[in-house]
> 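Please see the structure below; I have some questions.
Order of the sequence lines sets the chain letters (A, B, ...), proteins ahead of strands, with each chain counted from 1.
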Protein chains: 2
Amino acid sequence: MARVRLIDVAELAGVSMKTVSNVVHNYPHVAPALRQKVQSAINELGYRPNLTARRLATGKTGMIALAMPEIDHPYFSELSRHIAEEATRRGYRVLIEQTLSDPVAERAVLRDREAGLVDGVIFHPVRMGTLDIAKLAPGTPLVLLGEAAMPVMTDHVMIDNVAAALGGTRHLLNSGRRRIAFLAVMDGDITGSTNQRLLGYQQALIEAGLPLRPDLVLTARDFTAEAGVAAIEAALERGLHFDGVVCRDDKFAIGALKALQAAGKSVPEDVAVVGWDDTLLARYTSPALTSVAPDKLAIATEALTLLEERIGGYEGVGRHRIVGHSLAMRGSAPRLRE
Amino acid sequence: MARVRLIDVAELAGVSMKTVSNVVHNYPHVAPALRQKVQSAINELGYRPNLTARRLATGKTGMIALAMPEIDHPYFSELSRHIAEEATRRGYRVLIEQTLSDPVAERAVLRDREAGLVDGVIFHPVRMGTLDIAKLAPGTPLVLLGEAAMPVMTDHVMIDNVAAALGGTRHLLNSGRRRIAFLAVMDGDITGSTNQRLLGYQQALIEAGLPLRPDLVLTARDFTAEAGVAAIEAALERGLHFDGVVCRDDKFAIGALKALQAAGKSVPEDVAVVGWDDTLLARYTSPALTSVAPDKLAIATEALTLLEERIGGYEGVGRHRIVGHSLAMRGSAPRLRE
DNA sequence: CTGAAAGCGCTAACAA
DNA sequence: TTGTTAGCGCTTTCAG
């Protein structure tokens, strides 16, 4: 097939490789006549630069890796889209890497760049601690996503989880709720994000002068909607009374919705529900979910900016960027209690 | 940084590059003593082969491109996951390309391989006709996904849309429905998939001895749930009577659900709803959606198989693979009419 | 079974 | 402004 090389073009045009290269790269100082000649040779031969060769010569790949737990989880696929679009805008291609929260796969991710495959990595870790990460990838342009405990050496983009949980809980309080539950997965939490969200939830209660009741902290066994259903069912069965629930994930919120409705409770009249991540799912339940909405576009933009700086040679200490969040208001927890 | 090259290892081990290469590639015939020595040199230096250089030498990139309209649409993100996992299993990495259904972007996709970036492309076209595609990418290992009109030269994986629509409609008929609507986007349909699905729908009605009523074919203005809502609302407003609806997309089905419930109809009692694609969304509505379920894993596997054969040098005519589908039964159109 | 050397196609000094 | 040439790091004949 297209086995046309730079030198073939040069020969046909009767110039040197350098001149062809100049034309390809749109360098300003090429005599118009030559440019013309070269261009038509390129067209005639259908020349396309071989990117692999270019990479070997320049040492830049023009690619970044994006490593996430699951590429088809709505939060990650929505975030991926923003990152992919932002990367494209900046001239990078995106290599997708799925870790499935597997420590081995997470470790493997950090070797891509050493293998000269990508210029940098955007990584949403689940199992690896930040120290391991820094150890495994010294000098690798790397930006972390998600709520990993504060990394010392590594750049990091996240939202303020405490504030977001505080905001979500306050919203429930403002609409008159007084017995607000919190639904999360508690064990196996390496990242500490649940703790931060729990903290925000507790702060809101304290602000409002309400007691912190341990029995209102509900635990799901894993990150599925079914686990959310089970957790709410169990709470209902043991007679727990609550008029609002803050969930650390939209899927839990969906589970909560189902379980509550199945138990004859109406949402939001009897129990208001707040989800987290503001994914596509939140728009299609009934009632639609009020959900904590991380600014995904800002996460993408900020992550790429930090990564580009690292790729550009910045070698300072790890930087933390807190990006915005809001509360997407929908039917499951409307603004005012009716 | 890790600026360790093959030759560095060779020097430390006191052997030639070839021997190191043999060890790296696990070639069988290396003297155990040498292998030992080389291996410890590799470990000591922390050597990692530079993939870019390897590619330039071998001409294989070990990467495939996956080009789809939208990476965060549930159908595509679910399919992507299967493809990514299957590709990993076969030793490929996946470069994600989003076309946003833009003809220019679709065209650009087909140049990746010419640029020596990937070994092959899996492409779900929306705007490009198959002739354009074949013309633009002669000799490029390429597998098409989706319902593009039968391509002559290009490999293609799809489900039998006529049969799937027939099955979905039959299911409604079997449960006693007699006035079944069909909801789709009609104009701007380059791919003809809507036509195939419409055909299946019509066949089912004919089989059942029912008349084909044009007013039962509902049209949404675009591929959003909101468009589905609007289409159903309009039909209801003009007094259309129907007790079932087959939607060509889960999002339409969600829209239909909303519009019907808002109008005081209950699903499935008054109107049964069948969606298409069996995405995550279908599981989280209430009632959950019965949905035509393409075998996404089979699509991924089949596509990779064909692509690998092309990459391996197969140059025959385009092959069509029809993979299986089923009907995921859920509450919006349960098995028997109660 | 191991070593030496010629590319893979492009870029970027350095000359001209 | 344009041409020459030496790499980028690895693979791979072809000898030894």
Side-chain angles (χ1 to χ4, degrees), chain A residues 1-39 41-42 45-63 91 111-119, chain B residues 1-39 41-42 45-63 91 111-119:
Chain A
M1 229 6 9
R3 195 57 14 129
V4 187
R5 293 157 310 155
L6 194 58
I7 197 170
D8 299 325
V9 177
E11 275 171 9
L12 198 159
V15 300
S16 79
M17 288 173 65
K18 172 64 175 169
T19 302
V20 179
S21 176
N22 284 343
V23 171
V24 169
H25 287 276
N26 258 313
Y27 280 2
H29 301 301
V30 184
L34 273 192
R35 181 181 294 278
Q36 220 13 275
K37 204 155 54 170
V38 171
Q39 190 57 54
I42 288 177
L45 266 39
Y47 169 72
R48 305 245 151 238
N50 179 320
L51 295 194
T52 302
R54 177 179 294 174
R55 282 174 189 182
L56 184 55
T58 61
K60 294 238 149 263
T61 69
M63 300 207 309
R111 306 214 175 129
D112 284 347
R113 158 46 228 212
E114 300 182 53
L117 238 190
V118 297
D119 296 330
Chain B
M1 229 359 13
R3 205 31 44 111
V4 187
R5 293 157 309 154
L6 194 58
I7 197 170
D8 300 324
V9 177
E11 276 171 9
L12 197 158
V15 300
S16 81
M17 289 172 64
K18 172 64 175 163
T19 302
V20 179
S21 176
N22 284 343
V23 172
V24 169
H25 287 277
N26 258 315
Y27 279 2
H29 301 300
V30 184
L34 271 193
R35 180 182 294 278
Q36 219 14 273
K37 204 156 54 168
V38 171
Q39 191 57 55
I42 288 177
L45 265 39
Y47 170 72
R48 306 245 150 238
N50 179 321
L51 294 193
T52 302
R54 178 177 296 174
R55 282 173 189 181
L56 183 56
T58 61
K60 294 237 149 267
T61 68
M63 300 207 310
R111 306 215 174 128
D112 285 347
R113 161 43 230 212
E114 301 182 52
L117 237 190
V118 297
D119 295 330

> Short of 4.0 Å, heavy atom to strand atom, which residues of residues 5-17 of chain B count as contacting DNA chain C?
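The answer is Val15(B), Ser16(B).
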
> DNA chain C: Pro32(B) or Leu51(A), which has the more 5' nearest nucleotide?
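It is Pro32(B), whose closest nucleotide lies nearer the 5' terminus.
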
> Nearest whole angstrom, please: distance from the P of dG9(C) to the CZ of Arg54(B).
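The distance from CZ of Arg54(B) to P of dG9(C) comes to 18 Å, rounded to the nearest Å.
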
> With the side chain counted from C-beta on, respond yes when Arg35(A) and Asn26(A) share a heavy-atom pair under 4.5 Å apart, and no when they do not.
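A side-chain contact under 4.5 Å exists here.
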
> Measuring from atom CG of Leu6(A) to atom CG of Leu45(A), what distance do you get when rounded to the nearest 0.5 angstrom?
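Here the rounded value is 11.0 Å.
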
> Report the residues that fulfil side-chain contact (heavy atoms from CB on, under 4.5 Å) with Asp119(A), sequence neighbours left out, ordered by chain and then residue number.
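With neighbours one apart ignored, the set is Lys60(A), Thr61(A), Tyr92(A), Ile311(A).
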
> Mind calculating the distance between CG (Leu56(B)) and P (dT11(C)) to the nearest angstrom?
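It works out to 12 Å between those atoms.
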
> Check Val4(A) against Tyr47(A) and note the closest heavy-atom contact, atom names and distance.
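Closest approach of Val4(A) to Tyr47(A): O-CD1, 3.5 Å.
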
> For Arg5(A), what residues pass the side chain to side chain donor-acceptor pair (under 3.5 Å) criterion, not counting sequence neighbours?
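Expected list: Asp8(A).
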
> Evaluate the side-chain proximity of Leu117(B) to Arg55(A): yes if any heavy-atom separation is below 4.5 Å, no if none is.
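Counting from C-beta outward, Arg55(A) and Leu117(B) do come under 4.5 Å.
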
> Nucleotide range of DNA chain D contacted by chain A, 5' to 3', under 4.0 Å to a heavy atom?
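With heavy atoms of chain A under 4.0 Å away, the range is dT1(D) to dG9(D).
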
> By side-chain contact (heavy atoms from CB on, under 4.5 Å), which residues pair with Glu11(B), not counting sequence neighbours?
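Checked Glu11(B) against side-chain contact (heavy atoms from CB on, under 4.5 Å); matches are Ile7(B).
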
> Taking the side chain as everything from C-beta on, heavy atoms only, tell me whether Val23(B) gets closer than 4.5 Å to Leu34(B).
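Heavy-atom side-chain distance check fails, nothing below 4.5 Å.
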
> Compute the angle between the rotation axes at the two ends of the helix from dC1(C)-dG16(D) to dA16(C)-dT1(D), each taken over five pairs, rounded to 10 degrees.
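Computed from the C1' atoms at both ends, the axes differ by 30°.
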
> Please report the shortest heavy-atom distance between Ala41(B) and Ala13(B), naming the atom on each side.
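Heavy-atom minimum between the residues: CB-CB, 3.9 Å.
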
> Could you pull out all residues at least two apart from Gln39(A) that satisfy side chain to side chain donor-acceptor pair (under 3.5 Å)?
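Gln39(A) satisfies side chain to side chain donor-acceptor pair (under 3.5 Å) with Asn43(A) only.
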
> With heavy-atom distances below 4.5 Å as the criterion, would you say the side chains of Arg54(B) and Leu51(B) are in contact?
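In short, these two side chains touch, coming nearer than 4.5 Å.
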
> For Thr52(A) and Gly116(B), which heavy atoms make the closest approach, and how far apart are they?
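The pair with the smallest heavy-atom distance is OG1-O, 3.1 Å.
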
> Please tabulate, one pair per line, each protein N/O and nucleotide N/O from nucleotides 13-16 of chain C that are separated by under 3.5 Å, including the distance.
none

> Below 4.0 angstrom, which residues in residues 19-27 of chain A have at least one non-hydrogen atom near DNA chain D?
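Result for residues 19-27 of chain A: Thr19(A), sorted by number.
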
> Which residue pairs pass the salt bridge (charged side-chain N to carboxylate O under 4.0 Å, His left out) test when at least one of the two sits in residues 17-26 of chain A, sequence neighbours left out?
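Checked against salt bridge (charged side-chain N to carboxylate O under 4.0 Å, His left out) - neighbours excluded - no pair reaches residues 17-26 of chain A.
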
> Among Leu12(B), Asn22(B), Val20(B), which one satisfies side chain to side chain contact (heavy atoms under 4.5 Å, CB included) with Val38(B)?
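For Val38(B), the side chain to side chain contact (heavy atoms under 4.5 Å, CB included) check succeeds only for Val20(B).
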
